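A quick note: this is a predicted structure, and the numbers were derived from the prediction, not measured.
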Amino acid sequence: MKITRITAIPISYRLPEGKTVTMGVGSTLKRDAIIVRVETSEGIVGYGESHPGRSPGAIVSLIHNTLSPLLVGMPATDVVGAWQRVHRMQFSSHGLGAGTALALSGIDMALWDIRGKAANMPLYELLGGSRKRLPAYAGGISMGYQAPQALAEEAQSYIEQGYRAIKLRIGDTTKDDIARCLHVRKIVGDDIDIMTDANTAYTIAQARRVLPVLADIQAGWLEEPFACNDFASYREAAKITPIVPLAAGENHFMRFEFAQMLEAGAVQVWQPDLSKTGGITEAVRIAAMASAFRIPINAHSSATGLNHAATLHFLAATENAGYFEACVSHFNPFRDMFGSTFAIGADGCVEPPSGPGLGIEVDESIFDKFPAVDGPGYVVKF
């Protein structure tokens with residue numbers, strides 16, 4: 001069974017007027033996603049998701065004009081061979097580019113979907129896992145910079161749905177971040193796990209002010225306080241309090257950058273995104289490296305149900321798996337465009353789909369409802 005065609009399909013959704021969520025990387029303007037379709041000589045079609053970055057058109061071009069010519073004609077089940085070819089002909093000779101990692105991720109995910117469909121096995125089983133229940137936290141683009149009472153009400157709405165863990169967006173002013181975190185903890189009580197995400201917006205001085213408060217509220221982690229390559233700040237922040245682990249990884253690409261993170265010795269929670277870090281093939285390698293050092297994998301999730309499904313399968317087959325990030329965004333039609341991928345239970349847990357491959361039935365006619373809008377998805381004010 002050979003790869004015969006690779007197609008990238010960009011889709012976009014503009015948020016309704018006045019319905020933005022503000023966080024450290026800006027205020028949301030629209031949601032973007034890239035669906036990758038891989039066709040085979042046996043008629044089996046696989047689907048994956050590539051993260052669009054801030055330039056979906058660039059990622060689509062990389063898939064069509066750079067990676068597709070490298071991979072068409074290869075065995076569709078040879079995920080390692082496909083990964084090695086792209087690494088040899090693109091990464092190793094033209095730099096470990098983030099854009100190419102995003103592009104490869106969707107292709108790799110689609111190839112794993114094909115493998116599962118060919119074997120008539122769900123991906124978690126193909127990866128050596130089982131259909132077990134996974135703890136989930138309410139995440140995605142939600143719980144941003146808003147008044148403390150409104151934020152607490154939003155958080156409480158997710159708890160009422162069954163979530164036993166939530167993630168707050170910080171990275172605003174330290175005064176407002178502290179006020180929001182303290183108020184939400186007061187309202188939700190001590191039995192709910194609160195994670196925080198600064199979206200790379202902090203300085204080390206701001207982290208010094210906020211981390212003691214996060215320790216007081218027993219926050220599960222402080223995610224991405226600094227830029228992904230600012231290992232010096234991560235090392236310094238890790239000295240402030242041992243109670244609050246630092247988390248990062250959604251903006252680290254391939255196992256090589258995770259190895260750098262490991263060597264820095266400052267990040268205790270790893271968060272690879274299967275649509276960004278090189279796909280499922282590379283995420284398995286990253287998780288194995290982390291397991292040797294007892295580092296938990298709390299994978300970051302992206303826009304569509306394809307990424308959510310792949311992440312659930314991956315975590316179900318990962319020894320050191322932590323939380324699944326459930327997208328609870330109020331305005332993300334891509335999450336459920338192929339039907340509901342996950343359902344939160346009273347125990348705060350979810351399960352991977354049971355069908356072969358990713359377990360998602362893709363109806364491509366839906367794409368016509370979401371024509372692509374190129375350009376960044378966030379408005380940034382400086």
Side-chain angles (χ1 to χ4, degrees), residues 23-25 135-140 142-145 148 151-152 155 158-159 163-252 258 260-273 290 293-300 320-325 348:
M23 57 188 119
V25 292
Y137 71 84
S142 62
M143 289 175 279
Y145 300 167
L151 180 62
Y158 303 131
I159 294 167
Y163 289 98
R164 308 303 297 164
I166 58 175
K167 187 165 78 175
L168 306 180
R169 300 288 182 167
I170 58 177
D172 193 5
T173 67
T174 54
K175 177 182 177 181
D176 287 344
D177 286 344
I178 289 170
R180 291 185 183 107
C181 290
L182 289 174
H183 186 72
V184 170
R185 173 54 81 199
K186 177 182 177 181
I187 297 301
V188 305
D190 295 333
D191 294 334
I192 301 299
D193 202 1
I194 296 177
M195 276 71 77
T196 61
D197 186 353
N199 289 112
T200 74
Y202 274 167
T203 63
I204 188 66
Q206 290 171 312
R208 285 194 182 100
R209 290 191 62 190
V210 172
L211 272 167
V213 177
L214 298 185
D216 288 342
I217 68 166
Q218 297 183 314
W221 66 61
L222 171 57
E223 181 176 336
E224 287 199 315
F226 316 112
C228 59
N229 55 2
D230 187 3
F231 293 116
S233 292
Y234 276 99
R235 286 192 295 267
E236 189 65 24
K239 301 174 186 177
I240 297 171
T241 172
I243 298 176
V244 183
L246 301 181
E250 70 173 274
N251 290 308
H252 291 82
F258 280 85
Q260 289 180 294
M261 195 158 65
L262 181 64
E263 290 168 352
V267 178
Q268 298 87 36
V269 176
W270 285 9
Q271 302 171 306
D273 184 324
F293 295 87
R294 295 295 185 260
I295 297 172
I297 297 292
N298 292 264
H300 176 264
N320 48 326
Y323 277 111
F324 167 71
E325 181 178 11

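- Below 30°, between 30° and 60°, or above 60°: for F231 and H252 the angle between ring planes is between 30° and 60°, a tilted geometry.
- In this structure, the side chains of C181 and L168 come closer than 4.5 Å at one or more pairs of heavy atoms.
- A donor-acceptor pair shorter than 3.5 Å can be found between the side chains of Y323 and D193.
- Put simply, the side chain of I170 does not reach to within 4.5 Å of the side chain of R180, judged on heavy atoms.
- Taken to the nearest 0.5 Å, the CD1 atom of I187 stands 10.5 Å off from the CG atom of L151.
- A distance of 4.5 Å separates CG in D197 from CZ in R169, rounded to the nearest 0.5 Å.
- Looking at Q268, its side chain does come within 3.5 Å of a backbone N or O of L246 through a donor-acceptor pair.
- Taking both residues in full, the closest heavy atoms of A201 and Q206 are given as O-OE1, 3.6 Å, listed atom of the first, atom of the second, then distance.
- Heavy-atom minimum distance, L211 versus A237: CD1-O, 3.8 Å.
- Atom-to-atom distance recorded for E325:CD and M195:CE is 9.0 Å, nearest 0.5 angstrom.
- The shortest non-hydrogen separation linking Y145 to G171 is OH-C, 2.9 Å.
- Taking OH from Y202 and CZ from R209, the interatomic distance works out to 9.5 Å, rounded to the nearest 0.5 Å.
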Exercise for the section: I would like to know whether L214 and T241 meet side chain to side chain contact (heavy atoms under 4.5 Å, CB included); could you show each step before the answer? Expected result: CA-CA 10 Å; L214 298 185; T241 172; over 6 Å; no

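- Considering only heavy atoms from C-beta on, T196 stays 4.5 Å or farther from V210 through its side chain.
- A distance of 5.5 Å separates CE in M143 from CD1 in I166, rounded to the nearest 0.5 Å.
- At distances below 3.5 Å, not a single donor-acceptor pair connects side-chain atoms of Y158 with backbone N or O atoms of G139.
- Side-chain contact between W270 and H300 is absent, with no heavy-atom pair separated by less than 4.5 Å.
- With D177 contributing its side chain and D172 its backbone, the two residues share a donor-acceptor pair below 3.5 Å.
- Within the 4.5 Å cutoff, the side chain of Q218 has no heavy atoms near those of the I243 side chain.
- Across every non-hydrogen atom of P245 and G220, the tightest pair is CG-O, 3.1 Å.
- One distance of note links CZ of R208 with CD of E236; it measures 5.0 Å at 0.5 Å rounding.
- Side-chain N or O atoms of R164 include none that pairs as donor or acceptor with a backbone N or O of G348 at under 3.5 Å.
- Here the side chain of Y234 pairs no donor or acceptor atom with the backbone of V267 at under 3.5 angstrom.
- Of all the heavy atoms in S233 and F226, the pair that sits closest is O-CE1, 3.4 Å.
- Nearest heavy atoms, G322 versus P135: O-CG, 3.8 Å.
- The side-chain heavy atoms of R294 and N320, taken from C-beta on, include no pair separated by under 4.5 Å.
- Counting heavy atoms from C-beta outward, I194 and R185 have side chains that approach closer than 4.5 Å.
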Handout entry: Y137 vs W221, ring-ring contact (aromatic ring centres under 6.0 Å, His included): CA-CA, chis, key distance, verdict
Key = CA-CA 12 Å; Y137 71 84; W221 66 61; 5.7 Å; yes

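- In this structure, the side chains of I192 and Y163 stay at 4.5 Å or more apart for every pair of heavy atoms.
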